[in-house]
Number of protein chains: 2
Amino acid sequence: MQEDKLKKFREKLTEEGFKVTPQRIEVVNALVKLDHPTAKEIKQHIEDRYPMISPSTIYGTLDLLENMGELIPIQEGSETKYDLSPEVHPHFICEEDGEVRDIDDPEIESKLRELLKDCPFEADRIELNFYGKCNVE
Amino acid sequence: MQEDKLKKFREKLTEEGFKVTPQRIEVVNALVKLDHPTAKEIKQHIEDRYPMISPSTIYGTLDLLENMGELIPIQEGSETKYDLSPEVHPHFICEEDGEVRDIDDPEIESKLRELLKDCPFEADRIELNFYGKCNVE
DNA sequence: TTTTGAAAAAATAACAATTATAAATTTAAT
DNA sequence: ATTAAATTTATAATTGTTATTTTTTCAAAA
């Protein structure tokens, strides 16, 4: 299914007149593989197999994805994490270690969709975050 | 009602062994008066009547308030805005001008409180943001 | 294929918000 | 009024991100 994401991304790029580059592919790849990575983590992951990549390239690709509506940034304290699934779904953010995890609960999601309709303004996106302690150890 | 906030804050400070300083009062004052100010806007507002205040003092007080559970930061793009009302309530964030506005809708809020209970983890706070265009002009 | 022009990547440098550190000042208790 | 600890300030350092310029690469056409 990560192939799907990649294929879709390649197509969308050409479709909109952008070029398909190995760096862009690698960034999407990293986003698929890693959980909710920061720009730094994406860089690290890519450099494990691709000689090196410049931060600007990563930020540029992230911007591109965001503008395409394929990516949402999640601010966690001072870090920005990225999520390749812009579909409506809530997150749980740990106040202790800052981990972001997806909440997969159909009931909550359907309530969320309702809320999106209830919004008194024209909203095209909704963000729901729960904060608490995930008590890791 | 801003007096309430201030009084409560003074009391809580002494209660927990912190000192009541004019700078701290001014920061809370600014938070009450301004809508969803950034640290910079707070600084500006204070300096309109108080000779000058150091950024560190502002950040320090914001941290203090956050730790006291009286303040939540709202990340909007690259800016951090602050909200003195930690009660459960949703925001509408304009993707064009970045304005943050409170949504005052009892129905949405009650649904939110339900969601907080539904959360599969131990959450002590919930954050709901709608993103869209507020078409200003 | 090779050529070619535009787009993208890389290598800096620059920036802004925030955090850390050390010295001076202020609070509030005695 | 004195005093010790807390707080503010001034300053420097850090970090994540953005801007700029040069070099490289992609992909369309010859």
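A note on names: the letters A, B, ... follow the listed sequences, proteins ahead of strands, and every chain is numbered from 1.
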In whole angstroms, how far is the P atom of D:dC26 from the CZ atom of A:R10? 12 Å

Using a heavy-atom cut-off of under 4.0 Å over every strand shown, decide if A:T80 touches base, sugar-phosphate, or nothing. sugar-phosphate

Could B:E96 and B:K133 be called an ion pair, given the rule that one side-chain N must be under 4.0 Å from one carboxylate O? no

A:K111 and B:D118 ion-paired at < 4.0 Å: yes

Give me the distances for all protein-to-nucleotides 24-27 of chain C N/O pairs that come in under 3.5 Å?
| unit_1 | atom_1 | unit_2 | atom_2 | d |
| --- | --- | --- | --- | --- |
| C:dT27 | O2 | B:K19 | NZ | 2.8 |

Between the side chains of B:E70 and B:K5, is the shortest nitrogen-to-carboxylate-oxygen separation below 4.0 Å, so that they form an ion pair? no

Nearest-Å distance for atom pair CD/P, residues B:E26 and D:dT8: 12 Å

May I ask you to verify if any side-chain N or O of A:Y59 is less than 4.0 angstrom from the OP1 or OP2 atom of D:dT17? yes

Answer yes or no: is there an ion pair linking B:K81 with B:D35, defined by an N-O contact shorter than 4.0 Å? no

Could you state the atom-to-atom distance from CG of A:L62 to C1' of D:dT17 in whole Å? 11 Å

Provide, to the nearest angstrom, the distance between the CZ atom belonging to A:R24 and the C1' atom belonging to D:dC26. 10 Å

Is the distance between the ring centroids of B:F130 and B:F92 under 6.0 Å? no

Which of B:K33, B:R49, B:K43 passes salt bridge (charged side-chain N to carboxylate O under 4.0 Å, His left out) with B:E26? It is B:R49

d(CD1, A:I42; P, D:dG16) in whole Å: 13 Å

What is the separation between atom CG on A:L65 and atom P on C:dA8, rounded to the nearest whole Å? 13 Å

Taking the nucleotide of DNA chain C with the nearest heavy atom to each, does B:Q75 or B:T14 sit closer to the 5' end? B:Q75

Distance test, side-chain N/O of B:S56 to OP1/OP2 of D:dT8, below 4.0 Å: no

What integer distance in Å separates A:Y50:OH from C:dA9:C1'? 8 Å

Could you give the NZ-to-P distance, from A:K81 to D:dG16, as a whole number of Å? 13 Å

Expected output: side-chain A:S54 to main-chain A:S56 donor-acceptor under 3.5 Å: yes

